[in-house]
Amino acid sequence: MAASLLAREVSDLCLGKPALRSLSVSATVGDALTTLKRSRDNYISFWNCNHGHFSEVDKVDAVAALDDCRCVGKVCVADIIGFLCKEENLSNPGIALQAPVSVLIPKTGDFVRHLESNASLVEAMDLILEGVQNIVIPMEIGGKNSRKKLLQNNLSKSTFHNGRQYCWLTQEDMVRYVVNSISLFSSAAVNPINSLDVINVQDIPAVHYDDPASSALPLLAKCLEMQTSVAIIDGDGKLIGEISPYTLNSCDEDVAAAIATLSAGELMAYIDFGGPPEDLIQLVKERLQERKLVKALELMEDDSGNSSVSSSCSSSSDDEFGVGRSVVKSVGYSARSVKRSEAIVCHPWSSLVAVMIQALAHRMNYVWVVEEDRTLFGIVTFAGMMKIFRETIEDHDLGKALKKSPT
């Protein structure tokens, strides 16, 4: 029965999902920022072809080229903010935004992988466990005029070629699908997570409350790839909050100035629900003046004069990839409180199914694991959870039956 579940085609998990919006890798960082601001998307995908209008002469060659078009990465506002935080870019943000978007796409690792819509769920899980962070699935739209439609559409706004549109298959999609049939895995799901080797207790992304927020930038870059956040701890190692890429995705680019000038604890207050306090805004401006970062200061002044693009972060709980958290809450609190910035936590003795449901309820790919006194113990991710279910399949000798023959 578990075999039947995990042999399900991944297209079943993508029903009703929105098609990807895309830009070419020839676009600039500024193009990506403008597109993200004008849409409700948290991420924009980038492809190694030009999804744009073609002249009559170029149409034949354009269609042939698009047949081999592949997604090579995705970018969010947090990526752009991290890029602007670099000293040379803070000195002149305007020039930095003219850089090619390829500077934001990881050069190493298997960041994006295409998978056919008839692939099995277990194949998708195996890709995640191999280290793939993003899976692209084609959405069949068919029709004999699909190629003609390709050239008639504004393809800078949607990914549509070779008769198909595309969507992301996320780790959340896979875990949600499994949890709906959790009874099939009850032997593992009811066990405490500290008995399942599912807690990552090494290389935990964490900085001290008083550390410069800029010290978290290398960790944030890694967290963007791994879809987690940077923990903020006190002198006793207790979790007091986090700097979340998901929160930064709802912020304006001038937050780069705050990251460059504030401590990690101050940054949590700056990006918390409701927007930054006036005293912190003033503090950032003073420190920018001290460092003679005139262009970054002008960026803040420009944004503060525009009420529609203020130096604040959205608190919407409806975003596809969740919202950031900055105040620790225990297991079992009301979901209504999610509109505040909160770090989602569980305990080592929490059951796997409880942690799964908790993460899914908050649209997060991870849950922090803390001791009873809130000392940070580790982190549990969706990838770690999927490993448990994949091992359960192997234990029942279902792996061979689920694997497809080489083509």
### Query
What closest approach, in Å, do L217 and G82 show between heavy atoms, and which atom pair accounts for it?
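Smallest interatomic distance, heavy atoms only, reads CD2-CA, 4.3 Å.
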### Message
Restricting to non-hydrogen atoms, name the atom on L280 and the atom on A269 that form the minimum distance, rounded to 0.1 Å.
### Response
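Minimum heavy-atom separation between L280 and A269: CD1-CB, 3.8 Å.
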### Query
What residues form a side-chain hydrogen bond (donor to acceptor under 3.5 Å, both in side chains) with S263, not counting sequence neighbours?
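Applying side-chain hydrogen bond (donor to acceptor under 3.5 Å, both in side chains) to S263 gives E266.
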[X] side chain near [Y] side chain, heavy-atom distance below 4.5 Å:
X    : Y    : value
V367 : I379 : no
L169 : L13  : yes
I259 : V255 : yes
F389 : M356 : yes
F377 : V345 : no

So, the side chain of [X] versus the backbone of [Y]: is there a donor-acceptor pair under 3.5 Å, distance only?
X    : Y    : result
Y246 : Q227 : yes
D79  : C76  : yes
S195 : P192 : yes
T228 : L224 : no
S350 : C346 : no
T261 : A257 : yes
E242 : W368 : no
N89  : A96  : no
S39  : T35  : yes
N48  : R70  : yes

### Task
Specify whether W349 and H347 have parallel, tilted or perpendicular ring planes, treating 30° as the upper limit for parallel and 60° as the lower limit for perpendicular.
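Ring orientation, 0 to 90° scale: parallel.
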Crowding at [atom1], [X] (>12 non-hydrogen neighbours, <6.0 Å):
X    : atom1 : answer
D203 : CG    : no
N92  : CG    : yes
E372 : CD    : no

### Message
Using the rule side-chain contact (heavy atoms from CB on, under 4.5 Å), only one of M385, E391, R390, M386 pairs with I388; which is it?
### Response
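Answer after filtering M385, E391, R390, M386: E391.
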### Query
What residue among M174, E172, K387, R176 forms side-chain contact (heavy atoms from CB on, under 4.5 Å) with F382?
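It is E172; the other options fail the test.
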### Query
Is the closest side-chain donor-acceptor distance between S229 and Y366 under 3.5 Å?
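On atom types as modelled, these side chains qualify, holding a pair under 3.5 Å.
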### E290: side chain to side chain contact (heavy atoms under 4.5 Å, CB included) partners, not counting sequence neighbours
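Partners of E290 under the side chain to side chain contact (heavy atoms under 4.5 Å, CB included) test: R287.
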### Message
My understanding is that only residues two or more places apart in sequence, or in another chain, count here; which of them pass ring-ring contact (aromatic ring centres under 6.0 Å, His included) with H208?
### Response
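So H208 forms no ring-ring contact (aromatic ring centres under 6.0 Å, His included) with any residue.
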### Message
Among residues at least two apart in sequence or on other chains, which ones pass salt bridge (Lys or Arg N to Asp or Glu O under 4.0 Å) with D31?
### Response
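Checked D31 against salt bridge (Lys or Arg N to Asp or Glu O under 4.0 Å); zero matches.
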#### Entry: For E278, salt bridge (Lys or Arg N to Asp or Glu O under 4.0 Å) partners two or more places apart
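E278 satisfies salt bridge (Lys or Arg N to Asp or Glu O under 4.0 Å) with no other residue.
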Solution key, residues 230-239 side-chain donor-acceptor pairs under 3.5 Å, sequence neighbours excluded:
unit_1, atom_1, unit_2, atom_2, d
D234, OD1, D236, N, 2.9
D234, OD1, G237, N, 3.1
D234, OD1, K238, N, 2.9

Answer yes or no: is there an ion pair linking [X] with [Y], defined by an N-O contact shorter than 4.0 Å?
X    : Y    : value
E123 : R113 : no
R291 : E286 : no
K17  : D173 : yes

### Message
Measuring centre to centre across the rings, with the benzene-like ring taken for any Trp, is W168 within less than 6.0 Å of H114?
### Response
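W168 vs H114: aromatic centres not under 6.0 Å.
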